[in-house]
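The structure appears below as C-alpha cells.
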Amino acid sequence: MLRKKLLVGALAALGLLGLALAQEGARLYGQYCQACHQPTGLGVPGVFPSLKGLDQLAKEEKGRVYLIRVVLFGLQGPLKVGSATYNGVMPGFSQLSDAEVAALLNYVLSSFGNKNLKPITPEEVKKLRASPLKPQDVAKTRP
C-alpha cells in the first residue's frame, strides 16, 4: 500500500514538473521568439520561417544538434525552408541556461502542429554549448 502511494505521488510530481517546464518553455518563447516567429509559430513569409514541421528535423540526431545550436549560437545566411529561401540573422540565446534552452525547444517541438516524441535534455544542450559556433557556421550544419 505504501509503495502504491509513493508511486502515485512520484507520478503526480512528474506531471507537475512537466507542466512547469511546458509553462517555462511557453514563457521563453513569448519573450525571445514570438516577435519574429509570431504567436502561431508560422513566422512571416519571406522574412522569418515557420517553426511548423521542426519535429521532423528533431527525429534525427543531426537535426537535434542543429536546433540546439540555432538557439544557443544563432543563425546567419541562406536557409531554405520548404519552397522559400530566407537570408536573415537570428540572434543566439546563449544567456539562457541549459534547462531553459531545452524547455524552449521542447515547447516549440510540441506546439504549432509539431509532435516531439523525444524531448531535448539539458545534458544535450550542455554538451553542445561547450563547442560554440558562429551563426554562419550553424547555418552550414542544417541537415
Side-chain angles (χ1 to χ4, degrees), residues 3 5-143:
R3 260 190 188 166
K5 286 183 181 180
L6 287 173
L7 180 60
V8 169
L11 290 174
L14 282 174
L16 290 175
L17 177 62
L19 179 61
L21 290 174
Q23 290 174 340
E24 178 69 352
R27 182 189 71 76
L28 291 165
Y29 180 82
Q31 184 174 351
Y32 294 102
C33 311
Q34 183 172 294
C36 296
H37 295 286
Q38 304 300 296
T40 61
L42 296 178
V44 177
V47 183
F48 303 111
S50 172
L51 302 176
K52 188 175 183 173
L54 286 183
D55 57 338
Q56 298 303 308
L57 194 58
K59 286 182 178 181
E60 302 292 328
E61 184 64 25
K62 285 183 179 182
R64 295 170 69 80
V65 166
Y66 169 76
L67 292 172
I68 294 168
R69 285 179 173 160
V70 167
V71 173
L72 283 175
F73 310 125
L75 189 63
Q76 181 179 352
L79 175 69
K80 187 158 175 72
V81 179
S83 61
T85 299
Y86 299 85
N87 197 2
V89 177
M90 179 182 145
F93 300 106
S94 62
Q95 74 274 18
L96 298 177
S97 72
D98 298 337
E100 288 173 323
V101 171
L104 172 59
L105 280 168
N106 288 326
Y107 172 76
V108 169
L109 292 171
S110 59
S111 301
F112 319 122
N114 294 316
K115 292 179 175 59
N116 185 24
L117 300 178
K118 182 181 174 191
I120 303 284
T121 66
E123 292 76 21
E124 288 176 280
V125 177
K126 181 179 181 178
K127 179 181 172 186
L128 292 170
R129 185 187 298 271
S131 300
L133 292 176
K134 293 178 183 175
Q136 55 271 36
D137 293 331
V138 172
K140 294 173 188 172
T141 67
R142 183 177 170 100

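Values reported hereafter were calculated over all heavy atoms of this structure, with side chains retained and with hydrogens, waters and symmetry mates removed.
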Start with the C-alpha distance between Phe48 and Gln38, add both sets of side-chain angles, then the distance that settles side chain to side chain contact (heavy atoms under 4.5 Å, CB included), and finish with yes or no. CA-CA 9 Å; Phe48 303 111; Gln38 304 300 296; 5.6 Å; no
With side chain to side chain contact (heavy atoms under 4.5 Å, CB included) as the test, would you mind laying out the steps for Leu54 and Leu67 before giving the verdict? CA-CA 9 Å; Leu54 286 183; Leu67 292 172; 4.1 Å; yes
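Between Pro122 and Ala102 the shortest heavy-atom distance is N-CB, 3.8 Å.
At most 12 heavy atoms of other shown residues, nucleotides or ligands fall within 6.0 angstrom of atom CD in Glu60.
How far OH of Tyr29 is from CD of Glu24: 15.5 Å, rounded to the nearest 0.5 Å. A distance of 9.0 Å separates OG1 in Thr40 from CD in Gln34, rounded to the nearest 0.5 Å.
A donor-acceptor pair is defined here as one N or O able to donate and one able to accept, closer than 3.5 Å; no such pair exists between the side chain of Asn116 and the backbone of Ser110. In terms of modelled atom types and a separation under 3.5 Å, the side chain of Asp55 and the main chain of Lys115 share a donor-acceptor contact. At least one donor-acceptor pair closer than 3.5 Å links the side chain of Asn114 to the backbone N or O of Leu51.
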I'd like a table of donor-acceptor pairs (distance under 3.5 Å, sequence neighbours excluded) in which one partner is a side-chain atom from residues 124-133, with atom names and distances.
residue : atom : partner : partner atom : Å
Glu124  : OE1  : Arg64   : NH2          : 2.8
Glu124  : OE1  : Thr121  : N            : 2.8
Glu124  : OE1  : Thr121  : OG1          : 3.4
Glu124  : OE2  : Arg64   : NE           : 3.1
Glu124  : OE2  : Arg64   : NH2          : 3.1
Arg129  : NE   : Asp98   : OD1          : 2.7
Arg129  : NH1  : Ser94   : O            : 2.8
Arg129  : NH2  : Leu96   : O            : 2.7
Arg129  : NH2  : Asp98   : OD1          : 2.9

Compile the donor-acceptor pairs under 3.5 Å between side chains in residues 68-86 and protein atoms, sequence neighbours left out, one pair per line.
none

Output a table of donor-acceptor pairs, distance under 3.5 Å, between side-chain atoms of residues 136-143 and any protein atom two or more places apart or on a different chain; print 'none' if there are none.
residue : atom : partner : partner atom : Å
Thr141  : OG1  : Val138  : O            : 2.7

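Ring geometry for Phe112 versus Tyr107: interplanar angle over 60°, hence perpendicular rather than tilted (30 to 60°).
The side-chain contact (heavy atoms from CB on, under 4.5 Å) test applied to Ser97 returns Ala99, Glu100, not counting sequence neighbours. By the side-chain contact (heavy atoms from CB on, under 4.5 Å) test, Gln56 is found to be paired with Lys59, residues two or more places apart in sequence or in another chain being considered.
Sorted pairs that involve residues 39-53 and meet salt bridge (charged side-chain N to carboxylate O under 4.0 Å, His left out), not counting sequence neighbours, are lacking altogether.
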